[in-house]
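Residue numbering restarts at 1 for every chain, and letters A, B, ... go by the order of the sequence lines.
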Amino acid sequence: MKKIFFYTILRFPLGEIFLAKSCRGLSFVQFIKDRAQLEKIAEFFKEKDFSLSLDESKLHQEKKLFYHYFKGEKEDFTSLPVDFISGTPYQRKVWQEARKIPFGKTQPYRFLAQKLNHKGYRSIGQALARNPLLIVIPCHRVLRSDGTLGGFSAGLELKKFLLRLERGENSN
DNA sequence: TACATAAGAATAG
DNA sequence: CTATTCTTATGTA
């Protein structure tokens, strides 16, 4: 029996975002850079033998949250049910820890490492780079210890945009 | 099993 | 600023 996912695509100032959820919760949130990105996503679901079905109505709640968020309103995604469809146990631990970073705050990678009791800071970055739930898992709020941004899988521009948004400096 | 890689950090020069 | 070293999960062979 194939697992079924409902998806929709929503617009925001920098482009489009792909949302997918299962019956258990939100599973996938990705920035769409171009058409190739969409095909990669479709392939990912195909390889996992998951079926995708366009259904906006089933994602009504999530869409509302994102629209509010992009208007600069303080939104809290922590109570939203999620359903991880990828990731090792370690990665999921890092993701769950990262979700707890509140709106508008930033933390160094070290902060997450300390919570997990080790010094392999780089593996934290590796885990966040595979974050399947953009924004819901706020990896854009994780910076380097010296205050520089570090990296971002969906592009540093997006990371900067999200940080400005949360500081209410979304004028540029 | 062995080795290279990664969105880091601390330190020395 | 750059170079070096430490660290650890992960992917590849």
Quiz item: Is it true that A:Arg141 and A:Glu166 have a side-chain N and a carboxylate O under 4.0 angstrom from each other?
Solution: yes
Quiz item: Do the charged groups of A:Arg35 and A:Glu39 touch, with an N to O distance under 4.0 Å?
Solution: yes
Give a yes/no on whether any side-chain N or O of [X] is located under 4.0 angstrom from OP1 or OP2 of [N].
| X | N | value |
| --- | --- | --- |
| A:Ser145 | B:dG8 | no |
| A:Arg130 | B:dA6 | no |
| A:Ser123 | B:dA6 | no |

Quiz item: Looking at B:dA7, C:dT7, B:dA10, which one has an atom nearest to any side-chain atom of A:Arg110?
Solution: B:dA10
Self-check item: NE2 on A:His118 to OG on A:Ser123, rounded to 0.5 Å
Solution: 4.5 Å
Quiz item: If you measure from OH on A:Tyr109 to OH on A:Tyr121, what distance do you get to the nearest 0.5 Å?
Solution: 14.0 Å
Exercise. Answer with base, sugar-phosphate or nothing: what part of the nucleic acid does A:Phe152 contact at a heavy-atom distance below 4.0 Å?
Key: base
Quiz item: Which is true for A:Ser153 with a 4.0 Å heavy-atom rule: it touches a base, it touches only sugar-phosphate, or it touches nothing?
Solution: base
Self-check item: Pairs touching residues 8-30 of chain A that satisfy salt bridge (charged side-chain N to carboxylate O under 4.0 Å, His left out), sequence neighbours left out
Solution: A:Arg11-A:Glu16, A:Lys21-A:Glu62, A:Arg24-A:Asp83
Grab the [atom1]-[atom2] distance between [X] and [N] for me, whole Å please.
| X | N | atom1 | atom2 | answer |
| --- | --- | --- | --- | --- |
| A:His140 | B:dA7 | NE2 | P | 18 Å |
| A:Arg122 | B:dG8 | CZ | C1' | 6 Å |
| A:Asn131 | B:dA7 | CG | P | 14 Å |
| A:Arg144 | B:dA10 | CZ | P | 12 Å |
| A:Tyr121 | B:dA10 | OH | P | 5 Å |
| A:Gln126 | C:dT12 | CD | C1' | 13 Å |
| A:Asp146 | C:dT2 | CG | P | 13 Å |
| A:Tyr90 | C:dG11 | OH | P | 13 Å |

Quiz item: What are the two closest heavy atoms between A:Phe70 and A:Leu165, and how far apart are they?
Solution: O-CD1, 3.7 Å
Practice problem: May I ask you to verify whether the side chain of A:Tyr109 and the base of B:dA9 hold a donor-acceptor pair under 3.5 Å? | Solution: no
Quiz item: Given Watson-Crick or G-U pairs with both distances under 3.5 Å, what dot-bracket string fits DNA chain C, with | for other-strand pairs and [ ] for crossing?
Solution: ||||||.||||||
Quiz item: Given the P atoms of C:dT5 and B:dA7, what is the spacing between them in whole Å?
Solution: 22 Å
Quiz item: Okay, side chain of A:Gln37, backbone of A:Ile32: is any donor-acceptor separation there less than 3.5 Å?
Solution: no
